[in-house]
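We count ligands from 1, going down the list as the structure has it; atoms in each ligand are counted the same way.
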Amino acid sequence: MNDLRRVVCLSGGVGGARLLHGLARALPADALTVIVNTGDDFRHWGLYIAPDLDTVMYTLSGLGHEARGWGLAEETFGALEMVKRYGGDDWFALGDRDLGTHLVRTEALARGETLSAITARLFERLGVATRVLPMADAPCRTMIDTDSDGTLPFQQWFVRRRAVPAVKRVWFDGTRTPAPGVIEAIEGADLCIIGPSNPYVSVDPILAMDGVRAALERRKVVALSPIVGGRAVKGPLAEMIQTLRGEPASPGAIVRHYEGLLRGIFVEEGDEPSVGASGCAVRGGRTVMTDRAESLRLARELLEFAATIP
Ligand code: FO1
């Protein structure tokens with residue numbers, strides 16, 4: 001583990017960010033590069049919102065709301081109350097302090113600064129040393145074809161409709177050009193980690209960028225399972241696996257979803273048999289991150305496991 005100089009982690013929001021908090025502490029300061037899903041990004045109240053980047057930023061800076069996983073710990077919702085009184089859109093809860101992030105980012109984008117440059121600046125201002133890259137500078141929106149509600153942009157499906165409409169298909173609308181540094185980071189990595197994020201809506205958008213999957217195929221890639229005992233740690237993943245793959249949710253289904261990409265998967269103790277004879281190494285342990293000490297313990301165990309894989 002100690003000779004790991006360059007580690008890349010692909011991450012969505014809450015679950016991925018919790019692992020990152022541990023990885024950032026388990027690894028030397030300059031060893032970790034994070035590539036974050038921006039398929040969730042959207043415009044709301046005229047502002048550019050990047051939920052997964054912000055979840056990662058607030059978590060790594062220690063400012064995040066630990067139990068909820070997204071947004072800031074010390075937060076009020078006065079602006080949201082006023083929007084509600086005016087009859088505006090109140091289904092997406094932007095906090096008063098969180099609004100500061102969106103105002104600065106939206107203004108910088110309007111001035112022509114790139115999302116990756118803004119991201120680097122905001123993380124630095126919050127004292128985060130980890131290198132964090134958005135998957136792309138231009139928009140690529142995750143779209144959800146549903147049985148009951150037609151096609152919905154991700155946040156409309158996930159937050160507004162509470163992920164209730166059954167998913168028929170997930171697709172990506174927009175750029176296929178990765179942000180500067182994404183491919184180079186993967187190509188230079190000793191180890192690539194896929195965080196415990198939803199493969200369909202958090203990791204696949206990153207894999208859809210030109211050259212990302214091909215670059216990963218040439219590296220050692222390990223994942224932390226987002227499925228524990230047949231259920232998703234958070235969100236609608238178990239139902240999605242059942243409807244989109246026609247099999248029960250399990251770490252084995254995650255391995256098969258990534259189609260040969262994974263050299264190893266770290267799963268909840270007892271879930272090992274689901275992976276079967278896939279050629280993918282398996283290690284069991286405790287995978288649910290209840291607090292920051294658990295994130296660090298799990299990050300260390302994941303790195304130790306990865307070191308055993310040739
Ligand atoms: N998730 C919710 O379920 N409801 C919300 O009102 C909500 C607001 C919100 C505001 C800022 C932000 O950065 C994230 C927010 N999230 C909210 C989380 C977010 O939409 C999702 O968890 C991710 O997009 C999925 O990774």
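- Contact annotation for Asn198 and ligand 1: no heavy atom of the residue comes within less than 4.0 Å of the ligand.
- The pair Glu81-Lys84 meets the salt-bridge criterion, since a charged nitrogen lies less than 4.0 angstrom from a carboxylate oxygen.
- Between Ala93 and ligand 1, at least one N/O pair is under 3.5 Å apart.
- The nearest heavy-atom contact from the protein to atom 13 (O) of ligand 1 is Pro51 CA, 3.5 Å.
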Under 3.5 Å, which donor-acceptor pairs do the side chains of residues 224-231 form with other protein atoms, sequence neighbours left out?
from: Ser225; atom 1: OG; to: Ile227; atom 2: N; distance (Å): 3.0
from: Ser225; atom 1: OG; to: Ile227; atom 2: O; distance (Å): 2.9

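- Taking 4.0 Å as the cut-off, Tyr58 does not count as a neighbour of ligand 1 on heavy-atom distance.
- Each ring-ring contact (aromatic ring centres under 6.0 Å, His included) pair with one or both residues in residues 205-263, not counting sequence neighbours, appears once here: Tyr200-His257.
- Counting heavy atoms under 4.0 Å from ligand 1, residue Asp98 touches it through the side chain alone.
- Ligand 1 places these atoms under 4.0 Å from at least one heavy atom of Gln155: 20 (O), 24 (O).
- Atoms of ligand 1 lying under 4.0 Å from any heavy atom of Asp52, numbered from 1 in the order shown and given with element: 23 (C), 24 (O), 25 (C), 26 (O).
- Not a single N or O atom of Asp54, backbone or side chain, sits closer than 3.5 Å to an N or O atom of ligand 1.
- Inclusion of Thr55 in the set of residues having an N or O under 3.5 Å from an N or O of ligand 1 is not warranted.
- Residues Arg300 and Glu304 are not paired through a salt bridge, judged by the lack of any N-O separation under 4.0 Å between the basic side chain and the carboxylate.
- Between Arg219 and Asp190, no side-chain nitrogen of the basic residue sits less than 4.0 Å from a carboxylate oxygen of the acidic one, so the salt-bridge criterion is not met.
- In this structure, a donor-acceptor pair under 3.5 Å is absent between the side chains of Trp45 and Asp89.
- When heavy-atom distances to ligand 1 are checked against a 4.0 Å cut-off, Phe92 comes that close through both its backbone and its side chain.
- Counting the atoms of ligand 1 from 1 in the order shown, those under 4.0 Å from a heavy atom of Asp40 are 23 (C), 24 (O), 25 (C), 26 (O).
- Nearest protein heavy-atom neighbour of atom 17 (C) of ligand 1: Trp70 CE2, 3.4 Å.
- A salt bridge links Arg256 to Glu247: at least one charged side-chain nitrogen sits closer than 4.0 Å to a carboxylate oxygen.
- In terms of protein heavy-atom proximity, atom 4 (N) of ligand 1 is nearest to Val159 CG1, 3.4 Å.
- Under 4.0 Å is where a charged nitrogen must lie from a carboxylate oxygen, and between Asp30 and Arg5 at least one such pair does.
- Closest to atom 22 (O) of ligand 1, if we only count protein heavy atoms, is Phe158 CE2, 3.7 Å.
- The six-membered or imidazole ring of Phe92 lies near that of Phe42, with a centre-to-centre distance under 6.0 Å.
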